[in-house]
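Following: one structure in structure tokens, then a few remarks.
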Amino acid sequence: WLVIAVGLVRAYLAKGSYHSLYYSIEKPLKFFQTGALLEILHCAFGIVPSSVVLTAFQVMSRVFLTWAVTHSVKEVQTEDSVLLFVVAWTITEIIRYSFYTFSLLSHLPYLIKWARYTLFIILYPMGVSGELLTIYAALPFVRQSGLYSISLPNKYNFSFDYYTFLILVMISYIPRKYKFLYFHMLHQRRKVLSHTEEHKKSE
């Protein structure tokens with residue numbers, strides 16, 4: 001994710017504009033975000049203590065947006081909303097993996113712990129907004145092209161409308177993203193940071 005951050009900064013300095021920066025980090029974004037699928041297995045096998053369900057929600061949502069929307073609908077790749085969620089993801093993941101790394105080394109600076117359990121308050125809505133706006137921008141192109149849709153009649157007697165599916169995905173964002181993930185992090189923030197403050201006072 002630091003590679004992606006550096007790529008974004010270098011592209012911005014070279015172009016002097018934040019428009020269409022997606023192309024400068026497209027390959028590493030696809031590689032690292034797809035690689036995050038391993039995190040679900042890590043949770044399932046108990047390598048890390050995180051919830052399998054919450055991790056799967058987060059990772060699958062991002063992989064879906066990376067491949068099934070941004071990669072598949074080329075027209076949205078120039079949208080500023082793509083940069084919005086990419087920046088939010090990048091900052092979030094750099095902080096999160098720094099948190100994990102220093103925790104494993106048993107030397108976790110308070111600033112990183114604070115950033116891990118505080119900056120998501122801004123970064124999470126920022127990422128969700130970028131994701132929703134990108135899906136919304138993809139809708140007319142999906143409808144026009146019939147992307148991933150299956151119409152009747154066919155030998156399987158089955159139909160699927162990807163346009164409608166994307167609308168349902170957008171509707172599901174509020175309960176799925178906020179009820180299960182955002183409020184979970186708010187709960188974790190209260191628990192972790194209040195514990196840290198109590199520990200400091202006891203010292």
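Every value quoted in this text rests on a predicted model; they were computed, and no experiment measured them.
Here the side chain of T70 pairs a donor or acceptor atom with the backbone of L65 at under 3.5 angstrom. The backbone N or O of Y162 sits less than 3.5 Å from a side-chain atom of S149, completing a donor-acceptor pair. Between the side chain of Q77 and the backbone N or O of Y22, no donor-acceptor pair lies under 3.5 Å. Counting only distance, with no hydrogens or angles, the side chain of N157 and the backbone of N154 share no donor-acceptor pair below 3.5 Å.
Using modelled atom types, one finds no donor on one side chain facing an acceptor on the other under 3.5 Å when comparing S50 with T55. Counting only N and O atoms by type, the side chains of Q33 and W1 include no donor and acceptor under 3.5 Å apart.
Interatomic distance, L29 CG to F32 CZ, rounded to the nearest 0.5 Å: 10.0 Å. Residue T92 holds its OG1 atom at 8.5 Å from CE of M126, rounded to the nearest 0.5 Å. For the atom pair CG (L8) and CD1 (I25), the distance works out to 5.0 Å, reported to the nearest 0.5 Å. In this structure, the separation between CG on L193 and CZ on R116 is 11.0 Å, given to the nearest 0.5 Å.
Ring-plane geometry between F160 and F158 is classed as parallel, the angle between the planes falling under 30 degrees on a 0 to 90 degree scale with a further cut at 60. Using the six-membered ring where Trp is involved, Y117 and F99 have ring planes that are perpendicular, over 60° apart on the 30 and 60° scheme.
Pairing each heavy atom of V69 with each of A138, the nearest pair is CG1-CB, 4.1 Å. Closest heavy-atom contact between S72 and W67: OG-O, 2.7 Å. Annotation for I4 and V86: closest pair CG2-CG1, 4.4 Å, computed over non-hydrogen atoms. Taking both residues in full, the closest heavy atoms of T34 and V63 are given as CA-CG2, 4.3 Å, listed atom of the first, atom of the second, then distance. Here the closest non-hydrogen pair linking I94 and A5 is CD1-CB, 3.9 Å.
If you chain together hydrophobic residues whose side chains sit under 4.5 Å apart, L21 and L133 never meet in one group. By the criterion of side-chain heavy atoms lying less than 4.5 angstrom apart, applied directly or through intervening Ile, Leu, Val, Met, Phe, Trp or Tyr residues, V59 is not grouped with L54; the two fall into different hydrophobic clusters.
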- Task: Determine, stepwise, if the pair R10 / S24 fulfils side chain to side chain donor-acceptor pair (under 3.5 Å).
- Result: CA-CA 9 Å; R10 289 182 62 184; S24 64; over 6 Å; no
- Task: Report the C-alpha distance between D161 and F165 in whole Å, list the side-chain angles of each, state the deciding distance to 0.1 Å, and finish with yes or no for side chain to side chain contact (heavy atoms under 4.5 Å, CB included).
- Result: CA-CA 6 Å; D161 184 16; F165 176 75; over 6 Å; no
- Message: Walk me through whether S159 and I150 qualify under side chain to side chain contact (heavy atoms under 4.5 Å, CB included).
- Response: CA-CA 5 Å; S159 66; I150 303 171; 5.5 Å; no
- Task: Give the C-alpha distance, both sets of side-chain angles, the deciding distance and a yes or no for side chain to side chain contact (heavy atoms under 4.5 Å, CB included) between M185 and I121.
- Result: CA-CA 9 Å; M185 283 299 294; I121 295 173; over 6 Å; no
- Can you list the steps and then say if R189 with T118 is a side chain to side chain contact (heavy atoms under 4.5 Å, CB included)? CA-CA 7 Å; R189 181 180 190 273; T118 302; 3.3 Å; yes
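Within a 6.0 Å radius of OH in Y100, other residues, nucleotides and ligands contribute more than 12 heavy atoms. Within 6.0 Å of CZ in F141 there are more than 12 heavy atoms belonging to other residues, nucleotides or ligands. Within 6.0 Å of OH on Y12 lie no more than 12 heavy atoms contributed by other residues, nucleotides or ligands. In Y156, the OH atom is not crowded: 12 or fewer heavy atoms of neighbouring residues, nucleotides or ligands sit closer than 6.0 Å. The neighbour count for K15 NZ, taken as heavy atoms of other residues, nucleotides or ligands under 6.0 Å away, is above 12.
Of the residues F64, Y173, Y136, the one that meets the side-chain contact (heavy atoms from CB on, under 4.5 Å) test with E131 is Y173.
Contact annotation: the side chain of L83 never approaches that of H19 to less than 4.5 Å [non-hydrogen atoms, C-beta and beyond].
Within the cation-pi definition used here (under 6.0 Å to the ring centroid, within 45° of the axis), R143 qualifies as a partner of Y163.
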